[in-house]
Amino acid sequence: MPELIEVEAYRRQAEAVVGRTIDDAPVLDPIGLRGADPEAVRAELRGLTVEAADRLGKLLLVRTDGPVVGLRFGMTGRLLVDGGASIDGLLYGGQGDDPAWDRYVVTFTDGTDLRIRDPRRLGGLQLDPDVERLGPEASTITAEQLAAALARSAAPVKARLLDQSRVAGLGNLLVDETLWRAGVDPERASGDLDADEVAALAEAVRSTVAELLARGGSHTGDLQVARRPGAACPRDGAPLDRLRVGGRTTYRCPAHQR
DNA sequence: CCGGATGTTCACCT
DNA sequence: GAGGTGAACATCCG
């Protein structure tokens, strides 16, 4: 589920735990710890008070009076606050929702809790994550920032937009939707876009994120409904191409994406 | 049965 | 150095 939009929804939920004090944080399954010792992480989290819930790209940052707790959700992770009632309505698979997939639990002194539920175990938790490795936040990216991210690169523009160190927050669905709306071929060499095209693309990134956030998810794009072989472009009816760009399945309208 | 799927990281090629 | 590919993770779906 998580691209920037879904993680933003989790961030808003996480604001409910601001002010609470952590009683315990057992690591049920030590995924995505990047070498950290599970018991050491648990010990560090005990007794901390949550001060804020922030986000950078797809990384959720829970600030405390001690270390920042960085949460990643991979493709299938969800955040459950106070027993669930997940607002994303995007359960992995048809039903798939099993407490056995809880990887991290944070219990608070008032008896409430927060948990990371992740069937495929692609998410993770890191204390004081290195946010310097991330590019500018996609939802507010400027033409200047995007120009810097694309400059002098022969890589396909889609690959650059997916590269979290260049632009933070976009995933496969958002990038396809954005390039489709902007009329840009995902295979275009990044450095070949002129200043006007870059400015228009930056605007498309911001507006696409805002609109799909309002609609309720990365999967609510206009192109998304056509993400299947042989589908017609919702804009002009041309048969969509299905190809691989940046290692990911890509849909493109050959008629209007240039 | 097989291939893919909203992600990230790494080893190994060209 | 820059890009690309494939694998790994585990589960579900068409």
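Just so we're clear, the structure is a prediction, and the values are computed from it rather than from any experiment. Naming convention: chains lettered A, B, ... in sequence-line order (proteins, then strands); numbering from 1 in each chain.
Put simply, Arg120(A) has no side-chain N or O that comes within less than 4.0 Å of OP1 or OP2 on dC12(C). Between Thr249(A) and dA5(B), a side-chain N or O to OP1/OP2 separation shorter than 4.0 Å is present. Proximity of Ser153(A) to the phosphate of dG3(C): a side-chain N or O atom is located under 4.0 Å from OP1 or OP2. The side chain of Arg152(A) contributes no N or O atom lying less than 4.0 Å from OP1 or OP2 of dA2(C). Between Arg160(A) and dG3(C) there is a side-chain polar atom (N or O) within less than 4.0 angstrom of OP1 or OP2. Between Trp101(A) and the phosphate of dA10(C), there is no side-chain N or O to OP1/OP2 separation shorter than 4.0 Å.
The distance between atom CZ of Arg121(A) and atom C1' of dT8(B), rounded to the nearest whole Å, is 14 Å. Distance CE (Met75(A)) to C1' (dA10(C)): 10 Å, rounded to an integer number of Å. In this structure, Arg78(A) atom CZ and dG7(B) atom P are separated by 17 Å, rounded to whole Å. Rounded to whole Å, the distance from CZ on Arg248(A) to C1' on dT9(B) is 13 Å. The interatomic distance linking Asp118(A) (CG) with dG7(B) (C1') rounds to 10 Å, in whole Å. What separates CD1 of Ile31(A) from C1' of dT8(B) is a distance of 12 Å, to the nearest Å. In this structure, Leu122(A) places its CG atom 10 Å from C1' of dA5(B), rounding to the nearest Å. Rounded to a whole Å, the CG atom of Leu162(A) is 14 Å from the P atom of dT9(B).
Residue Pro119(A) has its side chain nearest to dT11(C) when only dT11(C), dT9(B), dG4(C) are considered. Listed nucleotides: dG4(C), dG7(B), dG4(B). Nearest to the side chain of Asn172(A): dG7(B). With dA10(C), dT8(B), dG3(C) as the choices, the nucleotide that has an atom nearest any side-chain atom of Pro156(A) turns out to be dG3(C). The Arg133(A) side chain lies nearest to dT9(B) when the options are dG7(B), dT9(B), dG3(C).
With respect to Arg248(A) and Asp176(A), no salt bridge is recorded, no charged nitrogen being found less than 4.0 Å from a carboxylate O. The residues Arg115(A) and Asp102(A) are annotated as salt-bridged, a charged nitrogen and a carboxylate oxygen being separated by less than 4.0 angstrom. Between Arg42(A) and Asp24(A) there is a salt bridge, since at least one side-chain N of the basic residue sits less than 4.0 Å from a carboxylate O of the acidic one.
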Using side-chain contact (heavy atoms from CB on, under 4.5 Å), reason through Val18(A) and Arg63(A) one step at a time and then give a plain yes or no.
CA-CA 9 Å; Val18(A) 170; Arg63(A) 300 192 190 282; over 6 Å; no
Wobble G-U and Watson-Crick pairs count when both distances are under 3.5 Å; given that, what is the 5' to 3' dot-bracket string of DNA chain C, with | for pairing to other strands?
.||||||||.||||
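A tilted orientation is assigned to the rings of Phe73(A) and Tyr10(A), their planes being inclined by 30° to 60°.
With P as the reference atom, dT8(B) and dG1(C) are 24 Å apart, rounded to whole Å. With both ends at atom P, the span from dG4(B) to dT5(C) equals 14 Å, rounded to whole Å.
One finds the CG atom of Leu240(A) at 10.0 Å from the CZ atom of Arg227(A) (value rounded to the nearest 0.5 Å).
Using a 4.0 Å heavy-atom distance criterion, Arg34(A) is classed as a sugar-phosphate-only contact.
Arg55(A) has its side chain within reach of Glu137(A): a pair of non-hydrogen atoms, C-beta onward, lies under 4.5 Å apart.
Between Pro234(A) and Asp222(A), the shortest heavy-atom contact is CG-O, 3.5 Å.
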